[in-house]
Amino acid sequence: MNTPAILKRRPTYQAARWNEPVIMEMGAPGRRGIHFPPADPDADSLVPPAARRATPPALPELSEPEVFRHYLKLSQMTLGMTGISLFGTCTMKYHSPAAEQAALRPEMQELHPYQHESTLQGALEIIHSLDLILRELSGMDQFVFQAGGGADAAYMNVCVTRGYLAARGELGQRDEIITSIQSHPCSPATAAAGGFKVITLTLDEKGYPSLEQLKAALSPRTAALMINNPDDMGIYNPEIKEWVRLVHEAGALCFYDHANFNGVMGKIRARELGFDSCMFMLHKTFGAPKGGGGPAVGAYGVREHLIPFLPGPIVAKENGAYTLKTGAQSVGKVREFWGNVPQVMKAYAWARAMGAEGIREASDLSVLANNYMDTRLKRIEGLEMSNPHINAWRMEMTRWGLGPLKEQTGVGTFDVQNRMTDYGIDAYWTSHEPWVVPEPFTPEAGEMYGKEDIDAWVDVLAQVCEEARQDPEFVKSAPHNGAVGKLDVSTMDDPAKWATTWRAFKRKWGGA
Ligand SMILES: Cc1ncc(COP(=O)(O)O)c(C=O)c1O
C-alpha cells in the first residue's frame, strides 16, 4: 500500500524510560570522580570564622562514570527542546553553536564586573556595539542590558517613568498607566508593582484595542502607555501612531514592548512611531537561548530625555576608550552588576552574522511562515482563529483557539499539547493570562523552520484533533510516549507541597 504523503511527514517518537534515582540518592561515601590537591593551609585565614563550615556539605559522592551515565540517561528521558518547537511569543529560534563558543571563551567567562575598566575593554566594546545595533533598529538613543528578561525591562521602564515624573514634580499627580487587554501581562503587573493604578483597555468592535477607550482614559493623571504591537494575537495596530500622539498630547510617556519584533525587524522603528522607550528581548528575537527559563536579557532603550534616569552603569565610548557611567538622576539598579553579559555576546554574534539584509529577510520569512501555517490551520476542524473578522495578515505569530474542539469532545488545549509531545513535537505555548481566546495556543515558526517542519507540525495537530474525536480519553491521558505519563500538577500551587531542593523534599515529603 502506498503511504500517503501526509503520513510520511508525521514524526514518530518514544522517549527512553530509565528508573533513574535522583543524584542525591546515589553513590557511596568516599567515592570520587576527581581528586583535588590538598587545600592551601593558609586558605582558612582568608575566610572569616563566621563564614566557615563546621561540617562538610551533604553532597552525593560518585565516580566519574556514574555521573556521566546519570546525566546521559536524564538527557535521553527529557522531552527537551529538540523537536519542532513552535513556541509562540517566545520565539524559540536558532541559536548558533558559533555564538555559544564566543560566549564560552575565557576572555568572556573569566571576567569579573568589579575589574578595572581598563581590563574590560573587549567586553565593553561588545556591549557598546550591540547597543549601537539596537539603536539603529529602533531609533532609540541609548540601550542598557541589565534587565534579566522582558518583564524585568518593563519594570525598568516603570522605574524610569517614576524618575522622570519625579524630576518634573509630577510623581503622585500622574499615577495611572494605560495598557490593553492583548498586551503581555508584564505591562499591567510591573505598572502595579511600581505603584501605579492600571487602566486596561479592551477591544473595539473591529477587534483592535479601542482608540475611543484610550481617548476616554487619558487625563492629567496619565503617566504612561505600555503596549505591545504586534500584540500577542499577531495583530498590528494600524492606528499606533495616533495612539502615541494622543498620549503625548496628554503629557504622558509611551513604552513600546517590542518583544514581538521578529516579524517587523528592519521594517519599523519605535522612534518613527513616536515612542519614548522600547524593549527587545535578546533571548527571543536575537538568537540567545531562553530554554529552561533563562538566562535572559531584556534590552531596554530610551530616547534622549530619559537617558539621565537609566539604571547604571551605562557603557559609553570616550576618547577612544570604553567606560562605565551612572547618571546623577539614575533610578538605581534593577539587577546586580550588568545583567547576563554572555547573552549580550550571543546576541551580538547573531546580529553580526545576519547583517542588516539577513535581519530584514528573517522578518519576511517569519511572516511568510506564519501566514502559510494560518492557511493550513484554517482547514482543520475544531480550531478557531483569534479575532477572525480582522481581515489583515498576521505578523510572526497568530493566537488560535481549540474552543470548538473542546465543546465537541471535551479535549482542551493542555490535552492536545501533551499528546503532540508523543510525536516528538515540543509543547506549544498556550497564552498569557487572561485567556481572551478559549483553549488558546500560539504557534510561531519564526525564520528557522522550513515548510517540511511546519507541515509536519500542522499534520500532527490535525491528527491529534482527529484522535480527540475518535477517542477523547486517549488524548486526555497523554503523553503516552514520554519518559513519564501525565503528571498530577495539583500540588504546583501549594507552597506546603513544593519542593525545589532535596532538603525541602525530605522536610515536606519525608523523603518518600
Ligand atoms: C510581548 C511580550 N512581552 C514581554 C514578555 C516577557 O518576557 P520575559 O518572559 O523575558 O520576562 C513576553 C514573554 O514572552 C512577551 O511575549
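Order of listing sets the numbers, starting from 1, for every ligand and every atom in it.
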Next on the checklist: For S366, is there any backbone N or O sitting under 3.5 Å from a side-chain donor or acceptor partner on N370?
Outcome noted: no
Checklist entry - Can you tell me which residue and heavy atom of the protein come closest to atom 14 (O) of ligand 1, and the distance to 0.1 Å? => result T89 O, 3.1 Å
Checklist outcome for this item: If we number the atoms of ligand 1 from 1 as shown, the ones under 4.0 Å from a heavy atom of N228 are 1 (C)
Next on the checklist: Can you see whether N262 engages E396 through a side-chain donor-acceptor pair at a distance of less than 3.5 angstrom?
Outcome noted: no
Checklist entry - Do any nitrogen or oxygen atoms of D232 lie less than 3.5 angstrom from nitrogen or oxygen atoms of ligand 1? => result no
Checklist entry - How close do A217 and T222 get, heavy atom to heavy atom, and via which atoms? => result O-OG1, 3.9 Å
Checklist entry - Nearest to atom 9 (O) of ligand 1, what protein heavy atom do you find, and at what distance? => result K290 NZ, 3.2 Å
Checklist entry - So which protein heavy atom does atom 11 (O) of ligand 1 come closest to, and at what separation? => result A151 N, 2.8 Å
Item to check | Y256 versus H258, side-chain donor and acceptor atoms under 3.5 Å | outcome: yes
Checklist entry - ligand 1 versus D152, non-hydrogen atoms closer than 4.0 Å: side chain, backbone, both, neither? => result neither
Item to check | Test salt bridge (Lys or Arg N to Asp or Glu O under 4.0 Å) applied to E107 - qualifying residues, sequence neighbours left out | outcome: R105
Checklist entry - Any idea how H112 and F337 line up, ring-wise: parallel (<30°), tilted (30 to 60°), or perpendicular (>60°)? => result perpendicular
Checklist outcome for this item: Nearest non-hydrogen protein atom to atom 15 (C) of ligand 1, with distance, is H184 CD2, 3.1 Å
Item to check | N340 (side chain) donor-acceptor with V297 (main chain) under 3.5 angstrom | outcome: no
Checklist entry - Looking only at heavy atoms of C186, does any of them come nearer than 4.0 Å to an atom of ligand 1? => result yes
Checklist outcome for this item: for atom 8 (P) of ligand 1, nearest protein heavy atom and its distance come out as G150 N, 3.4 Å
Checklist entry - Have D276 and H248 got a donor and an acceptor in their side chains that come within less than 3.5 Å? => result yes
Checklist entry - Against heavy atoms of K284, which atoms of ligand 1 measure under 4.0 Å? => result 15 (C), 16 (O)
Item to check | atom 3 (N) of ligand 1 [closest protein heavy-atom partner, distance rounded to 0.1 Å] | outcome: D257 OD2, 2.7 Å
Checklist outcome for this item: Near N260 (heavy-atom distance under 4.0 Å), the atoms of ligand 1 are 1 (C)
Checklist entry - Would you say the side-chain atoms of Y449 pair up with the backbone N or O of S85, donor to acceptor, closer than 3.5 Å? => result yes
Item to check | From D257 atom CG to S277 atom OG, the distance as rounded to the nearest 0.5 Å | outcome: 10.5 Å
Checklist outcome for this item: When distances are taken from atom 7 (O) of ligand 1, the protein heavy atom at minimum range is M281 CE, 3.1 Å
Item to check | A259 neighbourhood, listing ligand 1 atoms whose heavy-atom distance to it stays under 4.0 Å | outcome: 1 (C), 2 (C), 3 (N), 15 (C)
Next on the checklist: Need the ligand 1 atom indices (1-based, order shown) with element for anything under 4.0 Å from a heavy-atom of H283.
Outcome noted: 10 (O)
